[in-house]
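In this text the structure is predicted, and so the values were computed from the model without any measurement. By convention in this document, chain letters (A, B, ...) are assigned in the order of the sequence lines, proteins followed by strands, and residues within each chain are numbered from 1.
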Amino acid sequence: MKNRGGFPRVITYIALVVLGTAFTLPFFWLLSTSLKPDSRIQQWPPDIIPMLPVKVKLDGRQREVRLTPDGAKVALMERLEGGKASIKPLDGGKTKIVDGDQLKPVIRPGFQWSNYTRGLVFIPFFQQLRNTLIISIFTVIGTILSCSLVAYGLSKIDWKGRNVLFVVMLSTMMLPAQVTMIPVFAIFVKLGWVDTFLPLIVPSFLGTPFFIFLLRQFFLGIPKELSEAAKLDGCGEFGIYRRVIMPLSKPALATVGLFTFMAAWNDFMGPLIYLLDESKYTLSLGLAMFTGQYGNEYGMLMAVSAVVTIPIIVLFFFTQRTFIQGMTMSGIKG
Amino acid sequence: MQKSKANATDRRNLRNGLLFCSPLLVGLVGLTLYPVLASLYYSFCNYPMLKPPVWVGLANYKTLFADPVFYKSLANTAYYAALATPLGIITAFLLALLLNQKVKGMAVFRTMFFVPSIVPMVAGSVLWLWLLNADYGLINTILRAMHLPSALIPGWMADPKWSKPALVLMSVWGVGGWMLIYLAGLQDVPVDLHEAAEIDGASAWQRMVHITIPFMSPHLFFTLVMGFIGAAQYFTQAFVMTNGKGGPVDSTRFFSLYLFQNAFMYWKMGYACAMAWILFVVILLFTLLLFKTSARYVYYGGEK
C-alpha cells in the first residue's frame, strides 16, 4: 500500500507505540493504585503491580512480616514510640525491640479489593448512581423528544418565520453559559426547585440548539416524497413525524441520546449549583466532594474514579460506530 | 378560491410550525432571552440573591477593574488558553497523521488515543491529581527514574509556577475528539494531488505544508475556535483539583472559577454577572477577530 503521509514505516510504529503507551499509562495507574493497600501507595520506588504485605498468624493475630538487616524474617508485633518496633522471629524466638527503619516489609503480588468496597460505601455509591441515572435518563428523554419536534418544525413544515427562528437559535449557541447562569438560578430559586433534580432535567425538555441543528440537517436529508406520500394517506404533521421521520432517523437520534447521556453523567457545574443535600448528589459531584475531604486516600479515590469511568468506557465500546460518526458529524458541520 | 386555499395552508403550517417549535420558543424566551437581559441588568446592581437587586450603576464594573484577583484570573485564563489550545491542536493533528498512515492495528491505536477524552471530567481530574502528585505521582516517578536532578522535577499542583502547565498537560491527554475530527478530514485530502506532487518531486514535508495543511485548515480553524471558547470557560478541572479554591496562590483561579466563587460562594450575583458580560464580550471579540482573519489562512477547497 502507498505510504501517503510520508513518515518511514518504522518511525510511525515507534511513535504510535510510544504515544499509545503514554495515553494508556494513566488508566493502568488508575487501576493499579486502586488495588494497592494504603501502606504501599505513597512510597518510593512505587510498586508497578499492586503488592500486599505478607502476613502470618502469630500469638492469635495477623501480623505483617518484616525482613531484618541480617536477612531474617520476623513478625511485626507492635509499633512503639520513637520509631521503634517490637519484632518476633518467625522460626520461634524471643521478642526484641529494634529500630523500625531497619525493617523492610515483605510483600507479594496481590489486590487490595477493600478500596472498592470501602469507597463505594463511603461516597455512598449506589445512591449517587441512582440519582445520576434518574437525571441522565430523563434528560435523554427530554432532549430527544424536544429536539426532534423542533427540528421537524424547522425542516419539514414550511412556515413564515422558521428561518428567523433558526438563525436566532444558532446565534444563542455563541452565548457562554455563564451569562445566563445566574438569572436562571434566580428563576429556579423562585420556583422552589433548588435542591431538586428539576433544574437539571426540565431545561432538556425545552430543546438544545446544537442537537436541534444536528437533527434538522439529518431531517433535511430525508426525501420530501416520503412525507408527501404519508400526507396523501391521511397523516397529519404529527403522524408524519412519528411514523415516517422518527423511524428513519434512528441513527441520528442514537447519537443525540448518547451524547446527552454522557453530558448528563459528566455534568459537574449543574449539580454543584443546584444540589445541596448529600443524598441528592450525582456521581461526579459526590466524587469531587469526596476528593475535597479525603484528598490523600488515593487508593479509595482511584477505586471510585474507576467505578465512575468504567460504565462510560463500556458504553463507548458498545456504541463505537454511533459515537465516532457523531463526533465527526458534529465536527465538520459545526 | 385558489388564494384562500393557499392562505389556509399557510395558516395551518404556521400553526403547526409554532406548535412543533414551541419547546424551543419557551426555552429561548425563558432560559435565554429573559436571562440575558436580566443578567445585563443585574450587572449594574448589588444583588446578594436573598434580597432583591438594587441599582448601583457602574459600581460593579469599577470594582472589577480595580480588583487584582480579576486581573489575575484573566491572566491565568489567557495563559491556559494560549498554551492548551495550540498544544492540543498540534498533538491531535500529529496523532491523526500517524493514524492516517494505513498502519496495522490502526483501530486499536485510535481507541487508545480517543478513550481518554471520554473519561468523566471529575474522575479524570482526580486521576491526574494523583498522577501529578509531586512526591509519589507517576509522572514525577518517571522523571526521577530518568535521574533528572531534583531541582528540575516540577511540583505540579503544589507549585504556583507549575500548576497551569500541569493542567495543560492533562488537557493534552484529552485531545482524542479533535483527533477524530482531523482523521475524518484527512480522508478528504485528495490522493491524486499528493501523487501528482510526488511525481513532480515534492518532498513529504512540502506536500504536508502545501497540500495536507491547506486542506485541513477548515478543521484546524474549527478546533481553534472551539478550543479557545472552551479554554475561556475552563472550570471543572480547576475546581475539582483545587477543592474550589484555585490554588496554590491563586495560580489556577481561572476566570470562570472566580466568577463561580463570586456568585455561589460570596453571593455577589451582580458582580458575577458583570464578569459574565466581560467574558461574553471577550469571547465575541476574539471569535470575530479569528473569523475576520480566517480568510487569510483558511482554505475552503472546492466547496463553495
Side-chain angles (χ1 to χ4, degrees), chain A residues 1 4-7 12-13 15-16 20 23-24 26 29-30 33 42 46 146 149-150 152-154 157-160 162 165 169 172 176 178-180 182-184 203 205-207 212 237 265-266 268-269 273 284 287-288 291-292 298 301-302 305 308-309 312-313 316 324 327-328 331-332 334, chain B residues 13-14 16-17 20-21 23-24 26-28 31-32 35-36 38-39 42 95 97-98 100-103 109 112-113 115-116 118-123 126-127 130-131 136 138 141 173 177 180-181 184 194 204 207-208 222 233 235-236 240 243 256 259 263-264 269 272-273 276-277 279-280 283:
Chain A
M1 200 165 293
R4 267 200 284 150
F7 306 130
T12 302
Y13 272 109
L16 279 173
F23 272 71
T24 319
W29 209 240
L30 171 77
T33 307
Q42 305 215 3
S146 63
L149 280 169
V150 174
Y152 185 92
L154 288 175
I157 307 174
D158 189 16
W159 55 285
K160 216 177 162 184
R162 83 169 188 191
L165 182 63
M169 182 194 84
T172 65
Q178 284 85 348
V179 173
T180 52
I182 289 162
V184 168
F205 283 84
L206 301 178
I212 294 173
E237 295 289 0
W265 182 279
N266 290 342
F268 177 67
M269 207 200 261
I273 291 175
S284 280
L287 177 56
T291 308
Y298 284 111
L301 281 176
M302 290 305 111
S305 298
V308 174
T309 306
I312 293 295
I313 294 183
F316 165 71
I324 291 176
M327 283 298 302
T328 43
I332 295 162
Chain B
N13 278 346
L14 180 64
N16 281 332
F20 272 87
C21 291
L24 178 65
V26 175
L28 278 182
L31 296 178
T32 307
V36 165
S39 151
Y42 294 160
L95 293 178
L97 287 177
L98 284 170
N100 200 39
Q101 306 278 311
K102 307 268 176 252
V103 290
F109 286 115
M112 278 177 160
F113 298 138
V115 166
I118 58 164
V119 170
M121 255 191 255
V122 174
V126 176
L127 168 59
W130 171 226
L131 294 174
Y136 305 105
L138 178 66
T141 297
W173 187 59
L180 284 191
I181 292 173
H194 265 286
R207 278 180 285 136
M208 166 68 61
F222 169 73
Q233 302 182 57
F235 173 79
T236 300
V240 174
N243 203 8
S256 292
L259 193 159
F264 298 104
M269 294 291 179
C273 283
W277 274 87
L279 178 71
F280 181 34
I283 289 181

Review point. At a heavy-atom separation under 4.5 Å, does B/Leu28 approach chain A through its side chain, its backbone, both, or neither?
Key: side chain
**Study point:** A/Thr12 to B/Val103 - nearest heavy-atom pair and separation
**Key:** CG2-CG1, 3.7 Å
Exercise for review: For atom CE of B/Met121, decide whether the heavy atoms of other residues, nucleotides or ligands shown that lie under 6.0 angstrom number more than 12.
Suggested key: no
Check your understanding: For the residue pair A/Ile157 and B/Phe20, what are the closest heavy atoms and their distance?
Key -> CD1-CD1, 3.5 Å
**Study point:** Test log, rule side-chain contact (heavy atoms from CB on, under 4.5 Å), inputs B/Val122 and A/Val308
**Key:** CA-CA 9 Å; B/Val122 174; A/Val308 174; over 6 Å; no
Check your understanding: Atom CE in B/Met112, atom OG1 in A/Thr24: separation rounded to 0.5 Å?
Key -> 4.0 Å
**Study point:** Test side-chain hydrogen bond (donor to acceptor under 3.5 Å, both in side chains) applied to A/Thr309 - qualifying residues, sequence neighbours left out
**Key:** none
Review point. Among B/Trp277, B/Trp173, B/Tyr42, who wins on heavy-atom pairs under 4.5 Å with chain A?
Key: B/Trp173
**Study point:** Any A/Glu237 side-chain heavy atom under 4.5 Å of B/Asn13 side chain
**Key:** yes
Practice item. Write down the atom of B/Thr32, the atom of A/Thr180, and the distance for their closest heavy-atom approach. Key: O-CG2, 4.0 Å
Exercise for review: Would you mind reporting whether A/Gln178 and B/Ser256 have side-chain heavy atoms less than 4.5 Å apart?
Suggested key: yes
**Study point:** For B/Phe264, all residues meeting ring pair (Phe, Tyr, Trp, His ring centres under 6.0 Å), sequence neighbours excluded
**Key:** A/Phe185, B/Phe260
**Study point:** Under 4.5 Å from any heavy atom of chain A - which part of B/Phe280
**Key:** both
Point to revise | Closest heavy-atom pair and its distance - B/Phe109, A/Leu16 | key: CE2-O, 3.5 Å
Review point. Hey, what's the ring geometry for A/Phe23 with B/Phe113, parallel, tilted or perpendicular (30° and 60° as the breaks)?
Key: perpendicular
Revision key, fill the gap. Scanning both residues in full, the closest heavy-atom pair of A/Pro26 with B/Leu127 reads O-CD1, 3.7 Å
Practice item. Among B/Val26, B/Leu259, B/Asn243, single out the residue with the greatest number of heavy-atom pairs under 4.5 Å to chain A. Key: B/Asn243
Point to revise | Under 4.5 Å from a heavy atom of chain A, the part of B/Ile118 involved | key: both
Review point. Sub-3.5 Å donor-acceptor pair from the side chain of B/Ser39 to the main-chain atoms of A/Val179, do we have one?
Key: yes
Study note, to complete from the structure: On a heavy-atom basis, the closest approach of A/Met302 and B/Val126 is CE-O, 3.5 Å
Review point. So A/Leu301 and B/Trp130, side-chain contact (heavy atoms from CB on, under 4.5 Å) or not? Walk me through it.
Key: CA-CA 9 Å; A/Leu301 281 176; B/Trp130 171 226; over 6 Å; no
Practice item. Could you have a look at B/Leu31, B/Val115, B/Val36, B/Leu138 and say which one has the most heavy-atom pairs with chain A under 4.5 angstrom? Key: B/Leu138
